[in-house]
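Structure first, then comments.
Every chain is numbered from 1 and lettered A, B, ... according to where its sequence line falls, protein lines coming before strand lines.
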Amino acid sequence: MSDPQQTHQRLSTDTELVELSIPARPELLSLPRMTAAAVANQGGFDVEEIEDIRLAIEELCLATFEGRGLGRLHLRLELRSNSLEVDCRFESERDGAPVANPRNELATQLTEQLLGALADEHGTEVDSGEPRAWFRKVRRDLPVE
Amino acid sequence: VTDDVTITEEKVNGSATVTVRGEVDVASAPELRTHLHDLCAAAIPVVTVDLRAVTFMDSSALGVLVGALRRCRENETTLRLVIDSPRLLKIFEITGLTSVFDISETL
């Protein structure tokens, strides 16, 4: 299994993209948290918002990979002038369709409550057979786009 | 790359205190589960979990605490949480767990 990979590019004058690809292992989830905190700090989010983002990205990763076995997490962080959008996709190493909902009811409920409160928008889906989750956090000192 | 968790146990006069420090996430929550699983089944009247030095907590950690609470109730053990961080308390409030747990700011 390959090591974590991180890329960074400026998409336009007001959008920067950071991509992170890591083996889907619990002990590596601190990497998305650290990356999200650094990107959010660069985007001018305050300390409380950065803490919200750290927890939200953790919950995204859990919602996407927990209970689904070996694979990789592909994270895409788009920093805009007034918001941060994070997309997380799980690429399984197993053949066949992903397990529909491998997490227990309590875990799913807690994640949903946290994402609902910490992010301005969020969602989960299975896209082309791959579990995916995303959230958008708007800087509270700026109006929504 | 992370603020590793450390968990210690102290038993005094028939009660137990579990002190948790660092980040309790999906990687470290199983260690907390192990500590609480044993204590909640050990016929100890009161188990206190001191979370004042916790710097991060996710839904995995919350799930472990909810599981411990259920186990403690089955064994007629009181489970107390000590939280003095507004940040941590916010997570319990969001998930409605402030009304489920016995939470105080001091030991």
Side-chain angles (χ1 to χ4, degrees), chain A residues 3-4 6 20 22-38 46-68 73 88 90 102-120 122 124 133 135, chain B residues 1-7 20-34 36-37 51-74 79 81 83-101 103:
Chain A
D3 291 333
Q6 188 169 329
L20 179 66
I22 60 171
R25 296 207 307 265
E27 65 271 25
L28 292 180
L29 288 198
S30 56
L31 292 173
R33 296 203 301 267
M34 290 172 59
T35 302
D46 66 28
V47 172
E48 188 176 343
E49 289 170 319
I50 291 172
E51 285 303 310
D52 287 350
I53 288 166
R54 287 181 73 223
L55 180 52
I57 199 167
E58 173 92 358
E59 296 303 323
L60 271 198
C61 294
L62 292 176
T64 310
F65 92 92
E66 194 174 38
R68 289 194 162 99
L73 285 173
C88 179
F90 175 69
R103 305 181 78 204
N104 67 47
E105 189 178 339
L106 175 63
T108 302
Q109 178 188 332
L110 291 171
T111 290
E112 186 61 26
Q113 288 173 323
L114 288 168
L115 283 173
L118 300 173
D120 293 278
H122 75 285
T124 57
F135 76 81
Chain B
V1 295
T2 183
D3 184 5
D4 286 340
V5 73
T6 59
I7 302 172
V20 188
R21 295 182 174 84
E23 300 194 339
V24 195
D25 60 9
V26 65
S28 56
E31 185 181 347
L32 178 60
R33 180 186 293 115
T34 300
L36 296 179
H37 187 276
L51 299 170
R52 289 176 296 178
V54 167
T55 54
F56 179 85
M57 178 176 276
D58 68 7
S59 60
S60 305
L62 292 175
V64 166
L65 292 172
V66 170
L69 180 63
R70 287 176 182 156
R71 190 169 178 84
C72 280
R73 284 178 175 168
E74 287 170 5
L79 181 68
L81 305 183
I83 300 171
D84 65 358
S85 151
R87 177 73 213 169
L88 207 58
L89 203 54
K90 175 180 174 178
I91 296 168
F92 282 78
E93 286 168 351
I94 288 170
T95 51
L97 293 175
T98 46
S99 60
V100 175
F101 285 101
I103 299 176

> Between L118(A) and chain B, which part of the residue has a heavy atom less than 4.5 Å away: side chain, backbone, both or neither?
Replying inline: side chain
>> Just to verify, which of I94(B), D25(B), D58(B) counts as forming a side chain to side chain contact (heavy atoms under 4.5 Å, CB included) with L55(A)?
In response: D58(B)
>> Working to the nearest 0.5 angstrom, can you tell me the gap between E23(B) CD and R54(A) CZ?
In response: 5.0 Å
> If you measure from CZ on R103(A) to OG on S60(B), what distance do you get to the nearest 0.5 Å?
Replying inline: 6.5 Å
> What are the two closest heavy atoms between E59(A) and S59(B), and how far apart are they?
Replying inline: OE1-OG, 2.6 Å
>> I'd like to check the side chain to side chain donor-acceptor pair (under 3.5 Å) partners of Q109(A); sequence neighbours left out, ordered by chain and number.
In response: none
> What's the spacing between L114(A) CG and M57(B) CE if we round to 0.5 Å?
Replying inline: 11.5 Å
>> Is E48(A) in contact with chain B via its backbone, its side chain, both, or neither, using a 4.5 Å heavy-atom distance?
In response: both
> If you round to the nearest 0.5 Å, how far is CG of D52(A) from CZ of R87(B)?
Replying inline: 4.5 Å
> Non-hydrogen atoms of chain B under 4.5 Å away: do they reach the side chain of E51(A), the backbone, both or neither?
Replying inline: both
